[in-house]
Asker: 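Just passing along the structure, written as structure tokens.
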Protein chains: 2
Amino acid sequence: MTNPAAPDTVDEFRQRLAALGPLPKRLQQCADHLAGNLDRIAVSTVAELAAGAQVPPSALMRFCQIMGFHGFSDLQRLFRDAIGGGLPDYATRLRNLKTEGADQPGALVAEFIESGRQSLENLARTLDEAALSRAVELCRAAGTLHLIGLRRAFPVASYLAYVCEKLSIPAMLHEGVGGLSLSQALRPDDALLAISFAPYSSETLGLVEKASALGLPVVALTDSLTGPLAKGAQVVLTVEEVDFGAFRALSATLALALGFAVALAAARAT
Amino acid sequence: MTNPAAPDTVDEFRQRLAALGPLPKRLQQCADHLAGNLDRIAVSTVAELAAGAQVPPSALMRFCQIMGFHGFSDLQRLFRDAIGGGLPDYATRLRNLKTEGADQPGALVAEFIESGRQSLENLARTLDEAALSRAVELCRAAGTLHLIGLRRAFPVASYLAYVCEKLSIPAMLHEGVGGLSLSQALRPDDALLAISFAPYSSETLGLVEKASALGLPVVALTDSLTGPLAKGAQVVLTVEEVDFGAFRALSATLALALGFAVALAAARAT
DNA sequence: GCAGAAATAGAATAAATATTCCATCATGGA
DNA sequence: TCCATGATGGAATATTTATTCTATTTCTGC
């Protein structure tokens with residue numbers, strides 16, 4: 001056979017789809033429609049999908065074979081096996097909450113739930129494991145881990161301080177009580193974890209600069225690889241939160257921060 | 001026919017399942033297995049589900065009919081239509097992250113992502129809208145909204161303070177800087193939002209008691225309807241976070257708190 | 001425009017899956 | 001103990017669904 005073996009994960013299938021060369025008209029329609037309806041493949045019949053792509057069923061069959069599958073059933077098995085989470089009753093309940101009155105408190109909570117979930121899924125997709133490992137490595141030997149995060153990043157920083165305490169990681173939270181900057185507390189063998197999102201707070205940027213000048217390892221937890229916080233940092237961890245209204249639920253940022261802290265504790269223990 | 005009409009949402013199906021009277025053995029097995037595998041109904045065949053429930057296919061068919069459906073296909077349509085979000089590639093990626101080494105930082109983040117997501121789904125399922133509305137109503141007329149949450153609840157309280165500021169809700173965060181209690185700041189027309197989880201911090205309980213004695217409205221955000229925090233509160237909002245290791249991602253708590261704050265701002269604006 | 005190759009549609013067939021039916025087995029009340 | 005009622009399992013059937021095949025059409029290079 002001239003075709004490469006069939007993909008055996010959904011991810012691989014997606015990539016293969018994207019990397020597909022130019023195709024005859026009908027097969028292209030198949031590719032486009034499948035790519036746009038990945039979540040329905042598991043629960044549709046050949047006839048339904050073919051109708052959606054506006055091709056006859058036989059065209060879809062040919063497409064499956066071109067992709068390396070034996071037939072449609074073969075492809076479908078991939079997607080059926082991948083269905084696990086996302087319990088449908090949760091989706092239903094969420095829809096109910098949302099639609100029963102846009103200004104009801106329940107509807108607002110539903111929106112934040114949804115944006116939190118999307119943020120978490122984004123993080124799962126885009127997490128840069130290499131950067132995370134480097135960040136842990138970098139802070140592993142630090143005497144004290146300095147934490148800074150102000151305004152909306154403050155909850156994250158303060159939770160990290162709590163977690164570090166529990167994990168016996170020497171940490172210091174720069175919270176700016178009384179306007180004190182405490183930047184003198186940075187010692188030569190320390191490290192800094194700075195958390196900030198656009199618009200970046202000047203105090204945070206200032207502390208990063210200072211730590212950088214002293215040659216300390218700096219890890220940034222921020223929303224952009226190119227933002228000002230990324231400049232002074234050795235390692236940048238990015239996380240993209242989905243907003244609802246003017247606010248974000250911080251779910252993904254907290255998950256990443258927690259994972260970092262626990263990994264750091266594990267690294268220090270060995 | 002003696003059966004009530006078939007459920008036409010997944011939620012309704014769940015409720016009907018739970019409310020089912022005593023059943024003959026095989027039918028009970030069907031009910032149990034379906035209840036425990038809701039997420040596989042959409043992608044399984046009669047034979048597969050029957051095997052899982054350890055009954056012959058015909059027993060499952062009878063069960064479908066007892067539930068008011070014409071047949072299994074009828075029931076399955078319900079679940080197939082309900083599948084939407086939860087793109088499978090997210091699930092795949094998450095699985096990859098988790099399995100590639102339990103002590104890798106990426107795997108830890110994946111665990112926190114997963115527990116965050118479960119917490120959010122729990123919240124969607126169990127949110128008590130009536131209580132939430134009462135909470136908003138209760139705090140609507142308050143002069144100042146007092147916020148307290150210490151230790152691991154502190155990030156939530158501090159984020160609420162930030163959000164209230166942005167929403168022009170007069171709020172005061174009791175953070176205990178310098179060991180001051182500030183309980184004298186409670187004025188007759190104020191309200192208190194207290195956040196605490198087991199083991200409850202005594203400072204929080206103390207402030208609740210004081211506010212209660214003064215006759216102020218008290219809203220509790222906690223993990224149990226029967227815990228000590230629920231005692232002194234007029235309204236109790238419960239949220240159950242899924243732990244990973246000793247820590248929780250706070251996703252659900254934050255989503256609920258944010259929803260409350262925005263709803264409160266909306267109520268005050270009218 | 002013509003031969004050859006590739007692509008296509010739709011009907012024919014094969015496979016899988018759901019559904020019904022009935023003979024058998026259990027259960028509870030006279 | 002026997003009958004009546006209801007439950008059960010499995011084989012037979014009906015239906016849906018996937019897959020293949022082939023005649024026809026559409027491209028491509030010459």
Side-chain angles (χ1 to χ4, degrees), chain A residues 1-3 5-7 13 17 20-34 37-81 83, chain B residues 1-7 13 17 20-34 37-83:
Chain A
M1 68 167 66
T2 129
N3 289 322
F13 177 77
L17 262 190
L20 232 43
L23 289 173
K25 188 170 166 220
R26 292 283 113 109
L27 298 183
Q28 187 63 53
Q29 285 173 260
C30 290
D32 292 345
H33 186 254
L34 290 188
N37 295 275
L38 286 175
D39 53 348
R40 297 224 63 81
I41 295 180
V43 294
S44 302
T45 65
V46 175
E48 285 165 355
L49 288 172
Q54 303 192 289
V55 301
S58 53
L60 226 185
M61 291 303 299
R62 260 181 296 135
F63 181 78
C64 292
Q65 289 166 353
I66 280 178
M67 292 293 287
F69 297 98
H70 179 264
F72 173 74
S73 304
D74 207 18
L75 184 165
Q76 194 174 49
R77 179 165 39 253
L78 204 64
F79 282 81
R80 292 197 164 176
D81 291 347
I83 285 193
Chain B
M1 69 168 65
T2 130
N3 289 324
F13 177 77
L17 262 189
L20 233 42
L23 288 172
K25 189 172 165 214
R26 292 285 113 111
L27 298 183
Q28 188 63 53
Q29 285 174 259
C30 291
D32 292 346
H33 186 254
L34 290 187
N37 296 274
L38 286 174
D39 53 347
R40 298 225 63 82
I41 295 179
V43 294
S44 302
T45 64
V46 175
E48 286 165 354
L49 288 172
Q54 305 192 289
V55 301
S58 53
L60 228 184
M61 292 303 300
R62 261 178 295 136
F63 181 77
C64 292
Q65 289 166 352
I66 280 179
M67 292 292 287
F69 298 98
H70 180 264
F72 173 73
S73 304
D74 208 18
L75 183 164
Q76 193 174 50
R77 179 165 38 254
L78 204 64
F79 282 82
R80 292 196 164 175
D81 291 346
I83 285 194

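Protein chains get the first letters and strands the later ones, always in sequence-line order, with residue 1 at the start of each.
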Asker: May I ask you to decide if Ser44(A)'s main-chain N or O and Gln76(A)'s side chain share a donor-acceptor pair within less than 3.5 Å?
Answerer: yes
Asker: When you check the phosphate oxygens OP1 and OP2 of dT8(D), does a side-chain N or O of Arg62(B) lie under 4.0 Å from one of them?
Answerer: yes
Asker: Run the side chain to side chain donor-acceptor pair (under 3.5 Å) check on Gln65(A) and Arg62(A) step by step: do they pass?
Answerer: CA-CA 5 Å; Gln65(A) 289 166 353; Arg62(A) 260 181 296 135; over 6 Å; no
Asker: Kindly say whether Arg80(A) contributes a backbone atom to a donor-acceptor pair with the side chain of Arg40(B) at under 3.5 angstrom?
Answerer: yes
Asker: Of the options dG9(D), dA18(D), dC21(D), whose atoms approach the side-chain atoms of Ser58(A) most closely?
Answerer: dC21(D)
Asker: Whole Å only: how far is the NZ atom of Lys25(B) from the P atom of dC25(C)?
Answerer: 16 Å
Asker: In whole angstrom, what separates His70(A)'s NE2 from dT17(D)'s P?
Answerer: 21 Å
Asker: Side chain of Val46(A), heavy atoms from C-beta onward: which of dT20(D), dA18(D), dT8(D) has the nearest atom to it?
Answerer: dA18(D)
Asker: Using the side-chain heavy atoms of Pro24(A), tell me which of these nucleotides is nearest: dT8(C), dT20(C), dA9(C).
Answerer: dT8(C)
Asker: Of Glu48(A) and Ala59(B), whose nearest nucleotide on DNA chain D comes first from the 5' end?
Answerer: Ala59(B)
Asker: Measure CZ/Phe72(B) against C1'/dT17(D) and give the value in whole Å, please.
Answerer: 15 Å
Asker: Considering every strand and a 4.0 Å limit on heavy-atom distances, what is the contact class for Thr45(B): base, sugar-phosphate, or nothing?
Answerer: sugar-phosphate
Asker: I need the CD1-C1' distance between Ile41(A) and dT17(D), as an integer number of Å.
Answerer: 17 Å
Asker: To the nearest 0.5 angstrom, please state how far the CZ atom of Phe63(A) sits from the CG atom of Leu49(A).
Answerer: 11.0 Å
Asker: Asp74(A) or Pro57(B): which one's nearest nucleotide on DNA chain D is closer to the 5' end?
Answerer: Pro57(B)
Asker: Among dT17(D), dT8(C), dA18(C), which is the nearest nucleotide to the side chain of Ser73(B)?
Answerer: dA18(C)
Asker: When you get a sec, tell me which of dG9(D), dT8(C), dA18(C) is the closest nucleotide to the side chain of Met61(B)?
Answerer: dA18(C)
